[in-house]
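See below for the structure under consideration.
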Amino acid sequence: MTLTETAPGASEADLERQFEATIARHDRIEPRDWMPEGYRRTLVRQIAQHAHSEIIGMQPEGNWITRAPSLRRKAILLAKVQDEAGHGLYLYSAAETLGVSRLELTELLLAGRQKYSSIFNYPTLSYADVGTIGWLVDGAAICNQVPLCRTSYGPYGRAMIRVCKEESFHQRQGYELLATMMRGTDEQRAMVQESVNRFWWPALMMFGPPDADSPNTAQSMAWGIKRNTNDELRQKFVDMSVPQAEALGVTLPDPELRWNEERGHHDFGQPDWEEFMEGVKGNGPCNAQRMAHRRRAHEEGAWVREAATAYAAKQRGAAS
Amino acid sequence: MDDHVHTTPEDEHDSAYSGLLVNDAHWAFGAAPVPDGHGEDPLAGVDTTIPDGVDAATLATYALMLGDDALVMSHRLSEWTSNAPDLEDDIALSNISLDLLGQARLLLARAAKADASVVPVLPEGSPVPPEDALAFFREAQDFRNVRLAELVNGDFAEATVRVLLFSTWRLAIFERLRASRDHVLAAVAAKGVKELAYHRDYSARWFVTLAQGTDESRRRLLAALDLLWPLWPELFDTHAFEAAAAAAGVGVDPTSVREAAEGVLEQVLAAADVPRPEAPRRVGVLGRTGRDGMHGEPLGRMLAEMQSVARAHPLGQW
């Protein structure tokens, strides 16, 4: 942790030099440190998008809580979706250290001015999807997020450590559900394969567009906000997933997927980036549904939040 | 296995978590698949002997009653997930739902262990454990829960009042159930008392806040109280199985905790400046109510949804 001591009257150029030096030392920037406006804006955008993703991400899995096929699975799923709400809380808190409130960010989300991960715009159509989301979607999220534990902004990095520990647990639980189903009936095995077929490509899309088409990557890496490029992380994810799919007994739906001895990595095909862009633009299969759900819950809760505020004000009035 | 992690200087300065930042093998994606962890017996390691002189069917049915209350109430609360007024309340309601689900699992498993004849018979070779056979393969008329638990969810005021009434009543019962001669019921109660004390505290705080917040929140709270009040007396009826379980020293007669529960509720009503409602009790059908398996229309729908996947795969592994 560094609290940069700044002499009164230090020029903007001095402040910027100190900031750059902190980044170069791989040290953390903390809330009271000076930071360039662009750095602050980029962080708010990224942390808010991440927080929104956790909150919207409660919906696709929440879709199966009331139909979980055993009490044990119901407890696991309910606890997992609850963890996602908790991750949203940590991340909104991290964003608040940059001078924005949770309510402001929520309103930006509801107005369509901030995004969330497009993966949550895919529907969950069978109970196997609960397992696949744990295995592939949380697995991809972990690949993206573990490097963020070392991100240059302190509160974000510390939030990510907790998030990653829990995501890792979720990924195991998802994999374990699929492994259990694969030992069950033929119908269950078919259900798992069908689910993997639907989620494999969207999981690859979670790393973002190819590096050549990713406009923000270079600056984010220079600032130490991002630590790896989209393509590096995607490769890592594919390499890790292949042996896990084999152990599970499912086929990954990519005819181009094969080991490349020379590169020491798997070669693989490209997801449908046009479909990805449609999702980003708001035309994905569940965008409208997810946003309507969040807006309804937020609006239906307005009278409760107002009551809490009014009650707190009365208590303060009575105390003074 | 070498699980010592060497930290690099880069990471050592900042936190107790520093070791986690370096070695990616820590994360699940670097690890081998988890071993078979399912199918555990929730009562493993607990003395499940039926106490001397206790009728097995009485003990099983009594455990089912308490278990079904928790199972059905937990299900309704789980429907709040991603729908609560704020993140903190989303988390709190799923916590309460999870606590009750945990109680339900132990109580259903206890019922099955005490008297296997209460468990529905599944096709030959079905791996479904007894707690799930009871939860997912019984019809509505076999559920023994009180009707308060099964109502379709209303607004947040309704959830607040329902949790307050339910937890005030159940906590009063569990405080006495800790002295049950049945080791399992005593252990479930000892753990449950702490959970229910939190549920009651959470809902009582919201009860006062909504009553004293805005005109609208007070109006909604009073409406919710009027809506649920007719089902409050049913909680203190004594069913024949409850009387028998109480006489055998394994259960609690709900009538015996009425005064204690009413006393707590009076305090909350007074703190909120809310008058005690006057609405009369809701009768049953031919004198039968929830404990007799006589429910309202919503329970059948709730179970149709809850049981759909499990019933489609009676030979499935989950």
Side-chain angles (χ1 to χ4, degrees), chain A residues 1 26 28 55 58-59 62 65-75 78-79 81-82 85-86 88-89 92 127 139 142-143 146 149-150 158 161 164-165 168-169 171-172 175-177 179-181 183-185 187-188 240 244 247 293 297 300-308 310-311 314, chain B residues 10-11 13-15 17 20-21 24 26-31 33-34 36-38 75 78-79 81-91 94-95 97-98 101-102 104-105 108 128-129 131-132 135-136 155-156 208-210 212-214 216-217 220 305-306 308-310 313 315-318:
Chain A
M1 227 178 300
H26 294 276
R28 296 286 173 91
I55 300 308
M58 295 169 71
Q59 292 179 38
I65 290 173
T66 55
R67 289 175 287 172
S70 76
L71 297 182
R72 175 172 172 269
R73 289 296 171 196
K74 188 173 184 169
L78 192 48
V81 177
Q82 184 190 40
L89 266 186
Y92 284 125
Y127 204 78
I142 296 166
C143 286
V146 166
C149 296
R150 285 183 283 252
R158 289 188 287 275
I161 290 168
C164 284
K165 287 170 85 162
S168 184
F169 190 60
Q171 198 238 9
R172 280 169 172 251
Y175 189 86
E176 191 257 334
L177 169 61
T180 305
M181 289 179 70
R183 286 196 304 273
T185 62
E187 288 90 346
Q188 287 185 297
M240 285 178 327
Q244 295 185 353
H293 179 127
E300 286 178 359
W303 70 270
V304 179
R305 296 188 298 272
E306 282 158 19
Y311 180 71
K314 284 181 193 171
Chain B
E10 172 184 333
D11 291 310
H13 66 281
D14 62 358
S15 76
Y17 296 117
L20 293 169
L21 301 183
D24 280 351
H26 269 279
W27 307 103
F29 61 68
V34 274
D36 188 359
H38 74 109
H75 189 92
S78 79
E79 293 174 346
T81 305
S82 84
N83 290 299
D86 226 332
L87 282 177
E88 287 81 353
D89 299 297
D90 218 294
I91 291 170
S94 40
N95 247 337
S97 177
L98 275 166
L101 182 55
R105 292 185 63 189
L108 296 187
V128 173
E131 62 175 76
D132 291 333
F136 297 99
D155 63 8
F156 186 71
V208 174
T209 302
L210 296 180
Q212 302 289 323
T214 61
E216 186 182 8
S217 69
R220 285 176 180 262
E305 178 177 346
M306 184 180 106
S308 58
V309 180
H313 303 275
L315 298 175
Q317 302 256 17
W318 305 102

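Numbered from 1 within each chain, the chains take letters A, B, ... in sequence-line order.
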Worked check of side-chain contact (heavy atoms from CB on, under 4.5 Å) between Asn83(B) and His293(A): CA-CA 8 Å; Asn83(B) 290 299; His293(A) 179 127; 3.2 Å; yes
Segment of [X] engaging chain B (4.5 angstrom heavy-atom cut-off):
X         : result
Arg67(A)  : both
Val304(A) : both
Ala179(A) : neither

Short side-chain to backbone donor-acceptor contact, Arg73(A) and Trp318(B), under 3.5 Å: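 Yes, the answer is positive, given that a donor and an acceptor are paired below the 3.5 Å cut-off.
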Under 3.5 Å: donor-acceptor pair, side chain of Gln188(A), backbone of Gln317(B):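 Yes, the answer is positive, given that a donor and an acceptor are paired below the 3.5 Å cut-off.
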Measuring heavy-atom distances to chain A, does [X] have an atom under 4.5 Å in its side chain, in its backbone, in both, or in neither?
X         : answer
Leu98(B)  : both
Ala84(B)  : backbone
Asp89(B)  : neither
Val128(B) : neither

Heavy-atom pair count under 4.5 Å with chain A, highest-scoring of Val309(B), Thr81(B), Asp155(B), Thr209(B):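 Of Val309(B), Thr81(B), Asp155(B), Thr209(B), Thr209(B) has the most heavy-atom pairs under 4.5 Å with chain A.
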Pairs of heavy atoms under 4.5 Å with chain A: top-ranked of Ser308(B), Ser82(B), Ser97(B), Gly102(B):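 Most heavy-atom pairs within the cutoff with chain A belong to Ser82(B).
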Listed partners of Asp86(B) passing salt bridge (charged side-chain N to carboxylate O under 4.0 Å, His left out), at least two apart: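 Listed in chain order: Arg102(A).
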For Thr66(A) against Ser78(B), the heavy-atom pair lying closest together: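 Shortest heavy-atom contact: CG2-OG, 4.2 Å.
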Nearest atoms (heavy-atom pairs only) where Ala307(A) meets Leu210(B):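 Shortest heavy-atom separation between Ala307(A) and Leu210(B) comes out as CB-CD2, 4.0 Å.
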Determine the option with the most heavy-atom pairs under 4.5 angstrom with chain B, choosing from [options].
options                                   : value
Glu187(A), Gln82(A), Met181(A)            : Gln82(A)
Ser70(A), Ala85(A), Ala68(A)              : Ser70(A)
Gly184(A), Ala297(A), Pro69(A), Gly301(A) : Pro69(A)

Pair Glu306(A), Thr214(B): side-chain N/O donor-acceptor within cut-off below 3.5 Å: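 Thr214(B) and Glu306(A) do not have a side-chain donor-acceptor pair below 3.5 Å.
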Heavy-atom side-chain contact between Glu300(A) and Phe156(B) under 4.5 Å: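 Glu300(A) vs Phe156(B): side chains apart.
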Contact check, side chains of Ile65(A) and His75(B), non-hydrogen atoms, under 4.5 Å: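 Contact flag for Ile65(A)/His75(B) side chains = no.
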Interatomic spacing from NZ in Lys74(A) to CG in Asp132(B) - rounded to 0.5 Å: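 If we round to the nearest 0.5 Å, Lys74(A):NZ and Asp132(B):CG are 10.5 Å apart.
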Atom pair CG/CG of Leu71(A) and Leu108(B) - distance to nearest 0.5 Å: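 The CG atom of Leu108(B) is 6.5 Å from CG of Leu71(A), to the nearest 0.5 Å.
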